[in-house]
Each structure stands twice: as structure tokens, then as C-alpha cells.
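Reckoned from all heavy atoms, side chains included, excluding hydrogens, waters and symmetry mates. In what follows, chains carry the letters A, B, and so on, assigned in the order in which the sequence lines appear, proteins first and then strands, with residues in each chain numbered from 1.
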Amino acid sequence: MIPMTHFLVLGAVLFLIGAMGVLMRRNAIIILLSIELMLNAVNVTFVGFSRHLADMTGQVFAIFVITVAACEAAVGLAILIALNRDRTMVNVDEINLLKW
Amino acid sequence: MSNMPLLTMITFLPAAGAVIIMLFMKKEQTKAIKGFATAVAVLDFLISLPLWFRFDQSEAGFQFVEKVSWIPTIGVSYFVGIDGISVLLVLLTTLTMIIGVVCSFTAIEEREKEYYVCLLLLATGMLGTFIALDIFLFYVFFEITLVPMYFLIGVWGGPRKLYAAIKFFLYTLFGSVLMLLGILAFYFANLKMGTGTLTFDLVELYGVGPKIPLSLQIWIFLAFFIGFAIKVPMFPFHTWLPDAHVEAPTAGSVILAGILLKMGTYGFVRFALPLLPQASHVFVPFMMLLSIIGIIYGALVAMAQTDIKKLVAYSSVSHLGFVMLGVFALNEQGVLGGQLQMINHGISTGALFLLVGVVYERRHTRLISDYGGLSKVVPVFTVIFAITMLSSIGLPGLNGFVGEFLILIGAFKKSYVYAAFAVIGIVLGAAYMLWLFQRVFFGTLDNPENEKLTDCNAREVLYLLPLVILMFWIGLYPKPFLGRMEASVKKVVKMVNAAEVPQKAALGKLTKLEKK
Amino acid sequence: MIELAWLIPVFPVIGVLINGLFGKHVGENAGPIASGMAGLSFLVVLGIAGQMIFGAGGSHTIPLWTWVEAGSLSVSMSFLIDPLSTIMLLVVSGVGFLVHVYAVGYMHGDPGYPRFFTYLNLFMLSMFLLVLGDNYLVMFVGWEGVGLCSYLLIGFWYEKQSASDAGKKAFIVNRIGDAGFLLGMFLIWTLTGSLTYTEVFQAAPEMSAAMASAVGLLLFVGAVGKSAQIPLYVWLPDAMEGPTPVSALIHAATMVTAGVYMVARTSPIYVMGPDAMSVIAVVGALTGLFAASIGLVQNDIKRVLAYSTVSQLGFMFMALGVGAFTAAIFHLMTHAFFKGLLFLGSGSVIHALHHAPEEQQQDMRYMGGLKDKMPITYWTFLIGAIAIAGVPPLAGFWSKDEILANAFFTGHYTVWIMGTVAAFMTAFYMFRLIFMTFHGEMRVDHHAREHIHESPPTMTVPLVILAVLSVIGGVIPGFPPEGGWIHRFLAPSLAKMPAGGHAMDQGVHLMNAAAGGGHSGPAVVLLIVLAIAVAVGGIALAWYMYVKDTGAPRRLYRSIPGIYYLLLGKYYVDEIYQACIVEPTYKLMRGLWTFDAKVVDGAVNGSSLITMVSSRFSGIFDLRTVDGAVNGTASFIRFFSQVFKYLQSGMVQNYLFVMLLGIFVMLSAYLFR
């Protein structure tokens, strides 16, 4: 029986790696992957709690998150492709369209 | 026929004509525009003729009445009708419009389309003013006239046209805004103390006046006074008039003198007197004083003028002083005389302005000193001018006399002092007019420019002739005119005098003297 | 016939219309047309007069139409034929017709020929209205109408500045009188509620003396203007600028007597107001004397006649003032004959001299010796002069004597003395005129000398007719004095002075005695002798000074230069009026014009200026303060935005970092609180 702590530590480490990736990396695809990583870190935590509490809600939620992640990846990648077509680059440093 | 909305048709026909000219006629088709404008004016006059023939002289109240609710929330209605006080003014307006249009054919050479549009719109405004029996409606029409007149002076005027136009507009607007305050005060006073209904209906409001306390009446009267006195214009509110007259094109001057000024005196008779009877009585000495000052002062200042049009303008101040003198005599003779004199002044002074326009068109100067000895080169013009002048100074047998006589006899009845001062105006009136006539027509023809003057052409004679005929007609047989006005004037006088009279001192003095 | 009275003014109207509208085409026919119209009117008048004199008499109203109607005031255009208007009609239409005929010759060749006759007919029309009206308003129509015609005809030669000035002066001075007339009319209406003679006179006895005097004086102001009495006589001498027929017709025979007619017409009111009567008597006597004295030294032939007219009008008012209304009308009539004759005669002289230099044509110093060249003119003129001087049995004697006798017997001794002196002067200056013009050596410019000729028959025939009337016009209606036909005829129209009650009653008995007994009283005989002596004395003095000893006038002038120049300068009344009335009016008018432009209009322009200045100020205030606050907010925000804009880099990662930082901070705060 793997103790609950391991799940939580693994989740936290994965989340931090993802967060760092989102903040540090400049390639948009890497950032997207990092976001996937963060979502999966949350999934690990959900599943761990589900088992620990013998409640299936966590599992269901994990499946939801996977679904959302798939959508998000699809939308994100679509934006990236559009961006690439427009600017021929995927470097977030050079994208400041949000600035007015 | 009897159910036709005759007054509405008369009033809005010119406006409809104006819209048609504006939308469907090209700027370059000046001939067509002139023809069409004339046709509209003539048609308007023709359809206004039934007012003369089908007018019931014995009826003191309103006739040809039309009433449609307009803004029911505040009690405004489209309520029109005429009585003896307005019927002649409406006819005079439609007649003057024809003359105004016809006399402009050659005088106006630019922006002709806009000019005739303005003229026709002005006609609608003026006609509306005279037929409105709803005070609010009256106010609307009263104000509407300002706009086309403003353009007539400001666009087609003389060298100082902008100054004159703005002065005219602002001065009269200032007055009418105060008048609006008065109207509103009366409206709310009626709500509180009168019938208690939301209404601007004149017929309902007649009779409310005596119920309003004198102090409030006086304030309302003052508001009306400023509004109408500026329009009349009474001394000392007259200075916009000479400027406006001098700068306005001929038709503008004619309409201004002939009709627009009458809106002021008409306002006094229609609104100030019957709506505020007690206040009217209180103000009699004040109004008489201003009228007499206006008569004498206007005449003296007219004498000092070097510009013919300005002279005639100041003579208007004097003549309208007579009208006001008659109106505020508050007896039948006076008010009737004042009413008739309104018409007379429209005819005579209108004709004088037309005549000045005739020579101005040829010589482009209005300075008296530029003329002299004209009777030799332009005999027809001289004769018409002489007749008009004599009518203006009130020679018996011509129209001016009948009006002046009735006014003076009315004023005398009120107090002999008023009449004694006012007759000075008659002497001075002869003085300035004859002096003008002498300087323009007598003497030797020393200015070579004048030798080339051509006499009146057929068109000019044609538009002056009706006025000359009217001068003789009213002078010799004024009964059709007086008869039409009499019943309504009697009613107004009765309304004013029904309210108890605060002072009867002047009349009392005379009766005392009369006793032996 | 009397019902046809409306025809009388219709003929002149036709004449006015023909000559006025078609003057160019009518041309030289204008004169005959106008004369014909005047003649037709005269015929109608003759018919009516015949009926009135030999028939029923009485008074007849011919209503035409209702003219002015306003409430209780109702005035109709209607005519009144009674003895008084009959006499006036006869004078007006008779003399008028003769003058028309005369003018056909006199005005021949004038460029304004049709215009002249248009005016002349217009005058006839107005005069008929004045005389015929059955109420004051119709009279006033005529009154103003004749004033207008007078204006037009005085200024007939309008290119002459003096002529048009004189016309204007006449009209304006008359207007001053008319103002009084109007007020009098108003007072009558206020007192009696009517303007129709019959109704007014019915109510007249009810009037108080004060009110009747007030009415009388106000109306008299009108008469003073129209009939050229002191102080408003100044226009009449100037009116001589008009063509001479005009002077004869308007300024001697008819129009100027309108005031006399009006006062006589109003006699029922005047007898109620003795104060007004006294004023009239005094004004009349003063005018009579004053004008006669000016006439003594004038050199312009027409001016002498003009002052003579003023003086004679003074006589008429004297008569009215002492209550001798009949005598006034009688003198009016005889005066119309001989003064019309004298003026037409002087016109004939001027006509003969029209080749002389302009300024000499009317100056008697450049005449003399015309007697033989123009005999008809001379003899008729002489008759006129004798008539006006008051030598019996010519017309002037009868009427003038009645006036003086009335003044004497009513106790107006001062008036009587003034009148007698004036009569003496009249005789003197008239014969001075005759001697200077027709006798002695010829002083006419020699170019003009050969052109002197007797006037054509159209001019001499009226002279002869008027001369005949001047001879017989007094004795036939006026004999015996105070009891002649004219007294009986006019009696129904004129009021009698009430016997007693007035200051003059001591004379009334005497007068009644005189009237009853013809020439019986010794006082009457004495008066007549005195009157004749005065007339003959005046003539003799003139003969002595201007025929016998021609140096006498010069010596006399030298001895009393002050009086001479005072008279020659007409007492400088015109100058005084100019300085005291006209100039101040001009000054007042200029002052008021400046006042109007500077103060009244200045107030308007000033208020617009104030508005503009205050709008400028509020504009500045608006810009600096109100808008400043708005702009201040904006710039405040702009300043801070400069600082904070760096927060918004547009970089997603920056935002996320800040977000995480925030979460971290919040978590830390949560954990370590």
C-alpha cells in the first residue's frame, strides 16, 4: 500500500515542474505541454485522494480533467498553428498582443 | 365647403408651396420659382377671400373655428379661429404676401430659390400667429416668424445686415421668451385659481383673468408687455426696428412694417387686455405715457434722419404709438381706431417702403440728399408717393385719418390730457413727411444721376395700386372694415371693463367740468 | 334742386379725375375742362340758391352714407343746405369759377398746366365739402383738403426753393391749428355725444360757460391757423409764392375765410362762451391793426395784398368776437369780391410784366404808369381799392361799417378804435399801391416795357364781373345797415347774442335801436360819417405822399427809421419764430436723434456688449477652471498610467508570474497569520 504522502509529493513535484515550465520556457508548445503536466499533477492528486477516501468522485473528476485537457490542447494547438501561420514563430516573448 | 378647414388651408398653403419649391424646383429655374411663388401667394389670397365675404359681422366670438388635440398631456391643442380683431389682419397678410413676392422679382438676384422659400414660410408663421386661439400655439407661430425673417435680413440685406439680423432676432427673442414666462405663469395660475384644468385654450382662459390676484396679474402683464412692446415696438424698445428696416430687402421691410409689427399690437388686444383686465387698467397711465413719448419722440427723430428708410422706420414708431394709445384708451372708439390704424399703417407704411424700394432699385441709394426734384422725371411715382404720404400723415379722406381720429377721440374720452399731447404728433407727422417730400421731389433736379430715373413700370404700379385703392376705400367708406371689427372689439372692451376699474379719475374730472 | 346738392362736389371730382389721370393727353384742354366743371357746380349752386332765396329757405340735410361708426360715435357723410352754406356756396363757386376762367389765360403755356387745374378742381371739391358738411368731421375733411390744396398750389412751382418752403410752412402752421380744431371736436363730442351741427346746437344751451368757451377757443385755434390770425398768420404772406389765381381764390376769397365760416357756424356754442368771444374779438382787432401796419411799407404788390387779407380777416374775427356773426359773413362775402378782384388785378399786372427780371415783376418800385397801358386792369383795380377802403356805396363800406358799428355798440371801444385805425391804414396802403403801380412815371425795365399789354379777355372778363360785384355786392344785400336782406336771410343759421348777461349789454339796447330804426340814431350817423372820413383821409394821405409830394415818404422814413424797419421787417415775427420755435425744434430733433442712437440704442448695444464681455470672461473661466478640472483629471490619470503601463507587458508569462506571486503571497499570509 503506497502511502498518501507519496501521491501528494509526486503531484506537487509534477505541478511545480509544470508551473516552472509555463513560466520559464519560451516555446509555446513546451508551455502547452507544461500545462498538460500541471493538469496531470492534479489528476495524480485526485486519484490518490480517491483511493485514500474510497470515493469514486476523484476518479470521475480525473476523467473530466483529462477531457478538458484534451480540449484545451486542441484549442491551444489550433491557436498555435494560426499564430505560426501568421508570424512563423511560436515564441511567447515576442507576442504581446494583449498590450493595448 | 362650410366644413373645409379654411384657416388651416390658408395658413399652411404657403408652407406647402415652400416645401414644393425646396424639393422639386431647381435653383436655376428662377422664372418658374417666381411664378410658382406668386401663384401660391395669389391662391392663398383667393382662398382667404371667403373670410371677408362669409364673415358674420354680428358675431363677436370666434368663427371658422377648428380644434384638434395636439399635446393632450399639457393641454395644448391645435385651436384656430378668427374674429373681428384678426380677420382683417389675416387678409392684410395674404394681400401683403402677394405684394411682397411680386416686388422682389428684380430686387433679389441671388439665392432666389431660398428667398422665396423664406418668404412663404414667413407667411405661414404670420398667418398662424393671427389665427391661433391656443396660447401655446400662438407662441409657437410667434417664434417661427423670427427664423425666416432673420434669414431675409441676414442673407438678402444691406451692408450691415448681420448686425441688424442678429439684433432683430435676439431682441425680439428676448421679449418673446419673457412672454413665454408670462404665458406659463398664467397657465399655472389658471391651474391653481381658475378652471383648474390643464389648458392653453384662449376661450376657456378668457374670464379666468379677474380671478387672478392683481399682484400676479401685474407680473404677468409685465412679461406680456416686454414681449409685445418689443415687437410693436414701443419706446424705448424700438431701436431694433430702424436697423432691421434699413438693412432688410424691400419685401422684408414691407412685411416687417405691414404685418410683423402688428403681431405686437395684436398681442396686446388679444391677450394682454382680456386676460389681465385689472392689470391693464393699472397700466393705462404708464402705457399712455410710453405711447405719447413714442408718438412725439418717433416723429422728432424721424425728422432728423438722412436715410429715407430710416425716416419711415421712425415714423412707424410714431404711428404705432398712436395704435397703442388707442388700444389703451380701453374704450370702443380707441380700440377700434387702434385696430383700424394697424391695418392703415400696414397699408401706408408698406406702400412707403415699396416706393423707397422702387427708387432704391434704380439708384442704389436711400440718402435723402442724393435726391431732389424727382417730380419732374418720375411723375407717376410722385403721385403715388404723395398719396401714400398724405395717407400716412392722416389727411381726411384717406385711411390714416379715420384711424387717427378714432384713436384720438378714444384717448380724449379717457383723458383730454392724452389727446392734447398726442395731437402734437399729428403736427410733427406732417412736418417730417412734408420735409422729406420736399427734399426728394421738389427743388431742381441737380443730381445728373437722377435724370436717368425711369418712372414706375407696369408691375410696380400693379402692386402699388391695390394699396392706393385701399387708402381711398378706408378713408371714404370705412364701414365694411369697422363693421367687421366692431362686435369683437366691443367684446374685448367689455371684458376689460367688466373687471372693476381701479381708477376712473381722468373721466371723472371731465364730467365734473361738464357740470355747470 | 336742393336734393341735387351732392352734385356740387361731384363735378370737381370728375375734373380731378380727367385732368389728374389723363393730364398728358388733355394738355391745353385742361383749363376749359376744369373751368367747365367749376361752372357746372356753380350752376347747381345757383339753382339751389334760387330755391333757398326765393323759395322755402330753411335747412335741408342730404344724407349720403354713414362714414365712421364706432360704438356711440357715428358720423355720416351728409350735406347741409341752409342760408349760411348757401351764401358760402355762392361765394366759393362763383369766385371759384371766375378764377378758373381767369387762370385759363394766366397759366397759359405753363408746363404744369393740367396739374394746376387738377389742384384747382381738387380745391373746389375740398371747399365744397368744408361748406356743405352737416357735421364737424365732414367740415374737417374739407378743412384739411383745402389745406392740402393750398400746400400743393403754393408749392406749384416746386423747383423754386422758396415756393416749396412756403407750401410746407403753410401746411405745418395749418396743422397746428388743425390740432386745436380736432381737440375742439373731441370736446364737442364728449359733451354732446354728436358731431352733427343740429344735434350739437340742440345740446349747446346746456353747456356751461367754461366748457363752451373751451370748445370755442379750441375751435378758434383751428380758425387762427386757417384764417391767418395772430399768432399763426405767418404762412399767408409767404403763400404768395403760389400762382396769382391761387392767391386770389385760396388765399383771399375762400379758403382763408373758412375759419370765419366755422366760427359763424358754431355761433350757438360761441354765444354760450363769452370768454372765447372776447379772445376772438381781441385777436381779430390785433391782427387787423398789426397786419395793416405791415402792409403800409411793403413793396411787393402781392405781399401788400396778403397783409391786407390778413388784416381784413382780422376785421371778420372782430365781428365774430363782438357777436356780429352776420356782419362777419357779410364782410366775408364782399371781401371775396374785392380781394379776389385785387389779386386778379395784380396778377394781370404781373402777367403784363413777365418779361421783366424775375425779382422786379412783383416789386412796385419797378412799376408805375401802367394806367394807360392796361386800362381795364386799372379801372377794375381802382374799384376794388375803393371798395376795400370803405367808400360808399361800394361793397366794402357796408360790411366794414357794420363791423365797426357793432364793435362800438356792444361796448368794445378798444376794438372799435383799433378797427378804425386799421381801416385808415387800409385806405392808405391800398392807394399807395395804386399810385405806385399805375400812376407816376414808368420805372419798368425798358426791355420789358414794350411787352406790357392788356391781358386777354379770359382774364379781363372775370375782372369786370368782380368789379361789378364789388360795386353792387354791398349795397344790395346790406342796405339798410343792420337791417338788410342778408340779415333776414342768415338769421335762421346764426345764433343771436343773448340780450343781457354779458358785459356788453349796455350797447345791446343801442344796437337794437339802431337795427330797428335804420339810420335814425345820431350815433349811427356819426359813425358812418367817421368811417367815410377815415377812408377818404387815408386815400388823401396816400395821394399826397405818392402823387403830390413824392419826396414825402423818404423824409418820413428818414425821420422814423426804427419804426420803418420794424414794419418793413414785418416785426421780425418770422425771425422770432425761427429762433424760438423752429431752431429749438431742430435742436431737439437732432438731440433726440443723438439720444436715440447713443442712449436708447446704446443701451441695447451696451447690453449686447456686456453680454459679449461677460461671455468672454466666462469663456476664460470655463477654459481655465471648469474645463481645467476635467483636463486635470485626465492628466492626473495620464501621469499614473505612465507609471503603471509597464505592468502590462502583454506577456502571458509575466502575468502568470504575477499571479503566482499573488497566490504565494496570499497563501503565505494565510499560513503565517
#### Entry: Engaged part of C:L592 at the chain B interface, taking heavy atoms whose separation is under 4.5 Å
both
### Task
Mind listing the closest non-hydrogen atom pair of C:L182 and B:F401 along with its distance?
CD2-CE1, 4.5 Å
### Query
Where on B:L408 is there a heavy atom nearer than 4.5 Å to chain C: the side chain, the backbone, both, or neither?
both
### Task
Starting at CZ of B:F442, measure out to CD of C:Q161 and round the result to the nearest 0.5 Å.
11.0 Å
### Query
Counting only heavy atoms not in B:F421, do more than 12 fall under 6.0 Å of its CZ?
no
### Query
Where on B:F237 is there a heavy atom nearer than 4.5 Å to chain C: the side chain, the backbone, both, or neither?
neither
### Message
Taking side chain as everything from C-beta outward and backbone as N, CA, C, O, which of these in B:I393 sits under 4.5 Å from a heavy atom of chain C? Side chain, backbone, both or neither.
### Response
both
## Note on the structure
Interface check, chain C: of B:G429, B:G373, B:S375, B:A420, most non-hydrogen pairs under 4.5 Å belong to B:S375
### Portion of B:K167 that has a non-hydrogen atom of chain C nearer than 4.5 angstrom
side chain
### Nearest heavy-atom neighbours spanning C:A179 and B:V427
CB-CG2, 4.1 Å
### Message
Under a 3.5 Å distance rule, please check whether C:W593 uses its side chain to pair with a backbone N or O of B:L300 as donor and acceptor.
### Response
no
### Message
Rounded to the nearest 0.5 Å, what separates atom CD in B:Q438 from atom OH in C:Y151?
### Response
7.0 Å
### Message
With a 4.5 angstrom heavy-atom cut-off, is it the side chain or the backbone of B:I409 that approaches chain C, or both, or neither?
### Response
both
### Task
Identify which part of C:F595 has an atom lying under 4.5 Å from any heavy atom of chain B, answering side chain, backbone, both or neither.
both
### Task
Could you grab the distance from atom CZ of B:F412 to atom CG of C:L183, nearest 0.5 Å is fine?
6.5 Å
### Query
Of all heavy-atom pairs between B:Q333 and C:L73, which one has the smallest distance, and what is that distance?
NE2-N, 3.5 Å
### Residues from residues 122-133 of chain C approaching chain B under 4.5 Å (heavy atoms)
none
### Heavy-atom contacts under 4.5 Å, residues 480-487 of chain B to chain C
B:L482, B:E486
### Minimal non-hydrogen separation, B:F405 against C:L195, with atom names
CZ-CD1, 3.8 Å
### Task
Return the option, out of C:D178, C:T585, C:D165, with the maximum number of heavy-atom pairs under 4.5 Å with chain B.
C:D165
#### Entry: Point-to-point distance, once rounded to the nearest 0.5 Å, from CZ of B:F174 to OG of C:S608
12.5 Å
### Task
Check side chain to side chain donor-acceptor pair (under 3.5 Å) between C:Y113 and all other residues, then give those that pass, not counting sequence neighbours.
none
#### Entry: Most contacts with chain B, counted as non-hydrogen pairs under 4.5 angstrom, among C:L218, C:V599, C:D601
C:D601
## Note on the structure
The side-chain contact (heavy atoms from CB on, under 4.5 Å) partners of B:K479 (sequence neighbours excluded) come to B:Y477, C:T66, C:E69
### Summary
Here the pair of heavy atoms bringing C:V141 nearest to B:P396 is CA-CB, 3.4 Å
### Message
I need the minimum non-hydrogen distance between B:P478 and C:V68, along with the two atoms involved.
### Response
CG-CG2, 4.3 Å
### Under 4.5 Å from any heavy atom of chain B - which part of C:I172
both
### Query
In terms of heavy-atom pairs under 4.5 Å, which option from B:F441, B:Y171, B:Y314, B:F437 contacts chain C the most?
B:Y314
#### Entry: Proximal component of C:W67, with respect to chain B [non-hydrogen, under 4.5 Å]
both
### Flag if over 12 foreign heavy atoms under 6.0 Å of NZ, B:K376
no
### Query
Would a distance-only check, ignoring hydrogens and angles, find a side-chain to backbone donor-acceptor pair under 3.5 Å from C:R590 to B:A304?
no
### Query
Side chain, backbone, both or neither: which part of B:N331 has an atom under 4.5 Å from a heavy atom of chain C?
neither
### Query
How many angstroms lie between OH in C:Y158 and OG1 in B:T382, if you round to the nearest 0.5 Å?
7.5 Å
### Message
I need the B:I424 CD1 to C:I176 CD1 distance, nearest 0.5 Å.
### Response
10.5 Å
### Message
Any side-chain to backbone donor/acceptor pair from B:W240 onto C:V604? Under 3.5 Å, distance only.
### Response
no
#### Entry: Heavy-atom neighbours of C:W6 CH2 exceed 12 at 6.0 Å
no
